[in-house]
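Worksheet: one structure, shown below.
Chain identifiers are assigned alphabetically (A, B, ...) following the order of the sequence lines, protein sequences preceding nucleic acid strands; residue numbering begins at 1 within each chain. Here the structure is a predicted model, which is why all the values come from computation and not from measurement.
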Number of protein chains: 2
Amino acid sequence: MLSEAVQDYLKAIYKLSRAPETGQMVSTTLIAERMGVSPASATNMIKRLAEMNILQHRPYQGVELTPSGVRMALEIVRHHRLLELYLRQALGYDWDAVDAEADRLEHAISEDFEDRIDEALGFPTVGAHGEPIPTKEGNIAETDYARLSELTTGQRACIRQVSDRDPALLRYLDQHGLVLGTEIRIAEKAPFSGPMRLDVGASGEQHIGLEVAEAIYVDVLD
Amino acid sequence: MLSEAVQDYLKAIYKLSRAPETGQMVSTTLIAERMGVSPASATNMIKRLAEMNILQHRPYQGVELTPSGVRMALEIVRHHRLLELYLRQALGYDWDAVDAEADRLEHAISEDFEDRIDEALGFPTVGAHGEPIPTKEGNIAETDYARLSELTTGQRACIRQVSDRDPALLRYLDQHGLVLGTEIRIAEKAPFSGPMRLDVGASGEQHIGLEVAEAIYVDVLD
DNA sequence: GAGTGAATTTAGCCTGTGCTAAACATTTAG
DNA sequence: CTAAATGTTTAGCACAGGCTAAATTCACTC
Ligand SMILES: [Mn+2]
Ligand SMILES: [Mn+2]
Ligand SMILES: [Mn+2]
Ligand SMILES: [Mn+2]
């Protein structure tokens with residue numbers, strides 16, 4: 001069994017390696033930052049993960065998960081996303097509270113528990129914030145969403161996924177009607193990385209900053 | 001936050017201190033045995049727990065939880081018993097499978113989670129194996145059940161609680177209709193710690209050994 | 001009351017996971 | 001093309017929680 005610390009590193013490295021900003025090599029600093037740990041501690045763990053064949057380490061260059069590392073990461077991600085959805089649907093958690101709880105539970109549940117909540121949820125393919133849920137076999141749907149921040153005035157879009165990194169941001173989105181499935185139209189996009197004015201389905205007109213717009217992933221409509 | 005290891009020691013010591021066999025002082029060996037750990041390791045942990053004022057350690061004599069230690073133990077016990085019941089009622093776990101799962105989850109859930117499953121279960125007072133569930137305030141109902149093994153021929157009784165220590169035993173009880181709430185009559189009790197013959201409500205006549213009879217707690221009926 | 005066997009503690013070790021400070025590589029700028 | 005800045009690793013340490021082997025204490029018997 002992988003320790004809790006190993007599992008959390010693994011998940012963090014997986015997510016970083018999938019982020020569009022970073023190349024396929026993930027840097028020590030980035031991992032350390034994300035884990036809230038000193039760079040030296042990250043290096044230390046990286047060497048142990050490399051020893052376990054969970055990733056390949058090119059010193060001073062970065063880190064890349066091995067195929068088996070990816071598989072292990074997807075198992076943890078599956079736990080996390082199923083749990084988030086279960087907390088929301090079965091226990092009435094708010095959008096912004098599920099991540100913290102799932103971050104602890106993901107290490108404690110059995111495969112049996114995983115299967116039972118999967119069934120209770122009707123075998124969902126998408127999590128509480130719109131992320132694809134990896135299958136038990138280790139496959140994950142590739143998504144091709146645009147960031148809301150990339151759209152221009154007049155375009156219409158449907159919200160498909162939001163970043164789950166910051167609970168305060170999730171609360172903000174909720175209050176402004178920017179939830180999964182909502183259709184929006186860019187009423188105006190200020191230049192020089194300025195704010196956006198949106199027509200949001202039921203909630204009317206909303207002004208949001210760039211950082212918010214970057215955390216929202218959409219399907220562009222026609 | 002207490003570490004997982006500390007929480008598990010605490011729970012084990014609490015349960016041992018409440019078992020009728022042991023006096024109020026719990027011995028190092030007993031703790032080591034229950035935790036599956038060497039006596040030296042138990043001593044080591046005991047000294048740390050004493051340092052934290054969770055218990056009082058009289059070297060070579062044993063250990064007794066402080067009032068605040070008892071309170072902490074009851075919190076973990078509450079988590080465990082609510083979880084067991086939730087796994088059973090909400091997710092369809094079998095009687096004999098809930099303990100292992102709850103033993104890991106009990107350390108991972110938040111107070112919020114605790115409150116939500118408590119509510120989902122309708123604020124139960126008794127767990128999946130009949131154990132009283134401590135309240136959030138740290139009170140626990142005193143029970144005064146007889147062991148089935150103590151009864152004599154002709155007595156009638158109602159099963160109120162069973163030991164959750166051994167999954168195989170729980171499966172055995174289930175198969176023989178010896179579940180919570182079942183009424184039974186002692187048809188015959190063989191002398192010299194021999195087996196018992198029982199009339200069990202729906203399941204007819206059953207023969208059980210002493211070890212089984214000691215794991216069943218009952219209310220004697222008039 | 002001394003001796004013996006069992007229970008307990010102590011001593012010394014190991015692994016996992018964190019830290020800081022210092023050394024070392026790489027990248028960037030002049 | 002060298003030098004500073006930045007990123008990364010190494011060295012050395014700490015703490016939690018395990019272990020075994022050796023020492024100690026207790027309880028009991030003779
Ligand atoms: Mn999440
Ligand atoms: Mn986690
Ligand atoms: Mn239990
Ligand atoms: Mn436990």
Just wondering, are more than 12 heavy atoms of other shown residues or ligands nearer than 6.0 Å to CD in B:Glu150? yes
In this structure, how many angstroms lie between the P atom of D:dT9 and the CG atom of A:Leu30, rounded? 13 Å
If you look at every strand shown and take non-hydrogen atoms under 4.0 Å, does A:Ala40 touch a base, only sugar-phosphate, or nothing? base
Expressed in angstrom and rounded to an integer, what is the separation of A:Lys47 atom NZ from C:dG18 atom C1'? 15 Å
Testing D:dG18, D:dT10, D:dT9 for proximity to the side chain of B:Ala5, the answer is D:dG18
Under a plain distance cut-off of 3.5 Å, with no hydrogens placed, do B:His79 and B:Glu114 share a side-chain donor-acceptor pair? yes
Phosphate oxygens OP1/OP2 of D:dC19: is one of them under 4.0 Å from a side-chain N or O of B:Ser38? yes
Of the candidates D:dA16, D:dG18, D:dT25, the side chain of B:Tyr60 sits closest to D:dT25
Out of C:dC19, C:dT9, D:dT9, whichever nucleotide has its closest atom nearest the side chain of A:Ser41: C:dC19
Exercise: do A:Asp8 and A:His107 side chains pair donor with acceptor under 3.5 Å: yes
Expressed as a whole number of angstroms, how long is the span from B:His57:NE2 to C:dT10:P? 8 Å
For B:Ser27 and for A:Tyr9, locate the closest nucleotide of DNA chain C by heavy-atom distance; then report the residue assigned to the nucleotide nearer the 5' terminus. B:Ser27
Rounded to whole angstrom units, what separation is found between the CD1 atom of B:Ile46 and the P atom of D:dA16? 17 Å
Integer-rounded Å distance: C:dG16 C1' and A:Glu51 CD: 14 Å
Distance check needed: C:dT20 P versus A:Asn44 CG, whole Å only. 14 Å
Rounded to the Å, how far apart are A:Gln7 CD and C:dG16 P? 15 Å
If you measure from the Lys or Arg side-chain nitrogens to the Asp or Glu carboxylate oxygens, is any gap between B:Arg78 and B:Asp118 under 4.0 Å? yes
